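These notes concern the structure reproduced below.
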Amino acid sequence: MNSEIEKYGNDILQDAEYNTLRNFVQHKHSNTYKHCVSVADKCIRIADRLHLKIDKSTMVRGSLLHDYYLYDWHIERTHFHGFTHPKLALENAGRRFTLNKREREIIKKHMWPLTVIPPLCLEAWIIVLADKIVTVNEVLGRI
Ligand SMILES: [Fe+2]
Ligand SMILES: [Fe+2]
C-alpha cells in the first residue's frame, strides 16, 4: 500500500467498522475496502504525475471514505444505488470520523455527473476521475 495512504488515513484503515467494507463485493474480485484504497492510490498517482497543488490528506481521506455506504449493492438497493449511495456514505462517514468541508464535498459529488451539481474543489475532481478508472479496471478484472 502507498505509504501516503497510511500516513494520512491510518485511523480510518484501522477502524473496526471501516474494516467491515472488506465484506462487501464492489466489482468482481474487489471488495469495497480494496476499492477505496485503490482509488486513493490512483488519486495520489494522478496528483503527483500532474504536479497538482492539492491537500493530500483531504484527497486521501475523502477517497477512503467515498464509498462508506456499508451494504452490498449487488444484494440491496440495486435500482438507485448510483444516485443514493454518496449521501449515505457521507452520513456514515460523518458519524464515525471528523470531516472537513472538502472531504464532505468529495464524498457527496464523487458520482458526478449522476449527482448533477459538479464538484467545487480539485480534490473532488481527481476522485471523480480516479473512481471511474479504478471501476473500469475492476469490471475488466484487472484489479
Ligand atoms: Fe461510489
Ligand atoms: Fe467508488
Side-chain angles (χ1 to χ4, degrees), residues 1-49 52-115 117-143:
M1 187 185 299
N2 186 313
S3 62
E4 287 187 301
I5 301 176
E6 287 174 321
K7 178 180 171 188
Y8 297 117
N10 199 42
D11 59 318
I12 297 173
L13 294 168
Q14 299 298 324
D15 182 80
E17 188 184 76
Y18 188 79
N19 274 269
T20 65
L21 296 184
R22 293 176 189 274
N23 302 327
F24 305 126
V25 173
Q26 185 72 6
H27 306 103
K28 284 203 175 171
H29 307 299
S30 185
N31 59 54
T32 306
Y33 182 101
K34 274 205 231 170
H35 168 79
C36 291
V37 171
S38 297
V39 171
D41 183 66
K42 183 61 77 180
C43 284
I44 292 170
R45 287 168 194 267
I46 292 170
D48 286 353
R49 173 74 63 88
L52 299 175
K53 275 192 143 190
I54 42 101
D55 177 344
K56 217 170 232 183
S57 169
T58 289
M59 186 181 75
V60 167
R61 297 180 71 81
S63 301
L64 292 177
L65 294 170
H66 81 279
D67 276 337
Y68 196 45
Y69 48 82
L70 297 169
Y71 63 88
D72 189 327
W73 65 270
H74 300 82
I75 299 169
E76 300 172 59
R77 306 174 195 233
T78 45
H79 296 314
F80 301 105
H81 168 75
F83 297 94
T84 56
H85 78 271
K87 189 169 175 273
L88 193 57
L90 180 61
E91 284 169 13
N92 291 341
R95 174 174 50 70
R96 196 83 176 162
F97 305 98
T98 304
L99 305 173
N100 68 31
K101 204 176 160 193
R102 287 186 189 197
E103 287 160 356
R104 288 199 295 275
E105 176 74 4
I106 287 165
I107 299 168
K108 202 162 62 176
K109 305 278 182 69
H110 81 268
M111 287 300 286
W112 187 86
L114 286 187
T115 52
I117 304 167
L120 296 174
C121 63
L122 185 54
E123 291 84 351
W125 279 108
I126 297 168
I127 282 148
V128 165
L129 178 64
D131 188 35
K132 286 165 180 57
I133 294 169
V134 168
T135 297
V136 168
N137 283 329
E138 287 171 344
V139 171
L140 294 177
R142 292 185 192 145
I143 293 179

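One is the number of the first residue; the rest follow in order along the sequence. Because the structure is a prediction, the values reported are computed rather than measured.
A salt bridge is defined here as a Lys NZ or Arg NE, NH1 or NH2 lying under 4.0 Å from an Asp or Glu carboxylate O, and K101 with E105 fails to meet this definition. The residues D11 and R61 are annotated as salt-bridged, a charged nitrogen and a carboxylate oxygen being separated by less than 4.0 angstrom. Salt-bridge check for D55 with R102: failed, with every basic side-chain N at 4.0 Å or more from each acidic carboxylate O.
Using a 4.5 Å heavy-atom cutoff, the side chains of H35 and D131 are in contact. Under the 4.5 Å side-chain criterion, counting only non-hydrogen atoms from C-beta, V60 is not in contact with K7. Using a 4.5 Å cut-off on side-chain heavy atoms (C-beta onward), L120 and K109 make contact. Taking the side chain as every heavy atom from C-beta outward, T115 and K87 never approach each other to under 4.5 Å.
Taking the six-membered ring for Trp and the full ring otherwise, the centers of Y71 and H85 sit at least 6.0 Å from each other.
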>> Is there a side-chain contact (heavy atoms from CB on, under 4.5 Å) between W73 and F24? Walk through the geometry before answering.
In response: CA-CA 8 Å; W73 65 270; F24 305 126; over 6 Å; no
> Run the side-chain contact (heavy atoms from CB on, under 4.5 Å) check on L64 and Y8 step by step: do they pass?
Replying inline: CA-CA 10 Å; L64 292 177; Y8 297 117; over 6 Å; no
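Under the salt bridge (charged side-chain N to carboxylate O under 4.0 Å, His left out) criterion, K56 pairs with E4, D48, not counting sequence neighbours.
Checked by atom type and distance alone, the side chain of N19 pairs as donor or acceptor with a backbone atom of L13 at under 3.5 Å.
For R95, the CZ atom is densely surrounded, since the number of other residues' heavy atoms within 6.0 Å is greater than 12.
Side chains of E138 and S30: a donor-acceptor N/O pair is present below 3.5 angstrom, by distance only.
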